[in-house]
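Presented below is the structure to which this report refers.
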Amino acid sequence: MGGVVTQHEKNRDQVHDSEDRAVQYVANVALEQLKRLGAAVDALDTKTGVLLGLTALAVLFSLEGSPASGGAALGLLFTYTGTAALLASMVLSILSIVPMTERFDPDVKNLVHKYIDAPTESAMRAICGNLGDAWEFNKEVLQVKSRRLCWALWLLIIGIGILALGRLVIVPLL
């Protein structure tokens, strides 16, 4: 039976090709999701930088326009409390923007050493598992950064609100 291919062999090859395509599709989707997650982290860092700049300006204006020594203790309380909230916002922004470890799997060096001689399907399955683990890890990094940014934003709003309230309360008292 030198040149004759049986129907069973054809079916087996079709199933194998189908599995290879499925594994390749999963790997492509996983890589695309990792790229999107990386872009989301970069966008979040950009937003954090903008928030940090706005908060620095708010601190500058709060200290520049602080009530004079005759402005009463209540005015100082509002000024210092609002400024403290702004400074806390800055600290959280800085913590959010500081680079955190992200995973970029598969590591090329390990990829070559581990999978260069492995059958394609088993290598792709292992790589897909690594990509999934990397995505979960990086998603957690994004969530930590997002929570810090959210708190920083709320502290900025609270700080500005306290400073504005202090100005409204102090002006009628003078």
Side-chain angles (χ1 to χ4, degrees), residues 24-111 114 124-174:
Q24 183 64 43
Y25 174 75
V26 169
N28 289 340
V29 168
L31 281 171
E32 183 62 33
Q33 291 300 323
L34 272 174
K35 287 178 187 175
R36 287 182 183 169
L37 200 58
V41 169
D42 290 343
L44 190 69
D45 285 347
T46 301
K47 291 175 186 177
T48 303
V50 170
L51 181 69
L52 184 58
L54 290 173
T55 307
L57 284 174
V59 168
L60 179 69
F61 288 131
S62 74
L63 295 176
E64 183 179 296
S66 62
S69 57
L74 186 60
L76 290 174
L77 176 69
F78 279 111
T79 300
Y80 292 151
T81 305
T83 303
L86 294 175
L87 291 173
S89 173
M90 286 181 73
V91 168
L92 279 171
S93 292
I94 290 169
L95 288 175
S96 178
I97 209 167
V98 167
M100 296 177 71
T101 302
E102 293 180 54
R103 281 182 57 179
F104 299 101
D105 287 0
D107 178 42
V108 176
K109 185 177 181 180
N110 288 334
L111 182 68
K114 278 182 161 180
M124 289 298 289
R125 288 182 188 277
I127 291 168
C128 286
N130 287 344
L131 291 174
D133 292 342
W135 187 85
E136 286 293 326
F137 184 87
N138 292 348
K139 182 180 80 166
E140 193 63 35
V141 167
L142 181 64
Q143 288 174 340
V144 168
K145 286 178 165 266
S146 295
R147 279 192 296 271
R148 288 177 182 167
L149 178 61
C150 185
W151 277 104
L153 178 61
W154 279 112
L155 285 169
L156 172 65
I157 292 168
I158 289 168
I160 290 173
I162 290 171
L163 290 169
L165 185 62
R167 298 288 181 237
L168 292 174
V169 169
I170 299 304
V171 170
L173 294 178
L174 295 177

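Residues R147 and V144 have side chains in contact (heavy-atom distance under 4.5 Å, counting atoms from C-beta outward). For the pair I160 and L86, the minimum side-chain heavy-atom distance is below 4.5 Å.
Interatomic distance, T83 OG1 to L60 CG, rounded to the nearest 0.5 Å: 10.5 Å. With rounding to the nearest 0.5 angstrom, the OG atom of S89 is 5.5 Å from the CG atom of L155. With rounding to the nearest 0.5 angstrom, the CD atom of Q143 is 11.5 Å from the CG atom of N138. In this structure, the separation between CZ on R148 and CG on L44 is 11.0 Å, given to the nearest 0.5 Å. Rounded to the nearest 0.5 angstrom, K35 NZ and L37 CG are separated by 13.5 Å. Distance CG/L57 to CZ/F61: 5.5 Å, rounded to 0.5 Å.
Every side chain to side chain contact (heavy atoms under 4.5 Å, CB included) that I162 has, sequence neighbours left out, goes to F78, T81, I158. With sequence neighbours excluded, no residue forms a salt bridge (charged side-chain N to carboxylate O under 4.0 Å, His left out) with K47.
The main-chain N or O of L76 is never found under 3.5 Å from a side-chain atom of T79 such that the two would form a donor-acceptor pair.
L156 and A58 get closest at one heavy-atom pair: CD1-CB, 4.3 Å. When every heavy atom of A152 is checked against every heavy atom of S93, the shortest pair comes out as CB-OG, 3.5 Å. Between L163 and S62 the shortest heavy-atom distance is CD1-CB, 3.3 Å.
Among T48, L95, L52, the one residue that satisfies the side-chain contact (heavy atoms from CB on, under 4.5 Å) test with L149 is T48.
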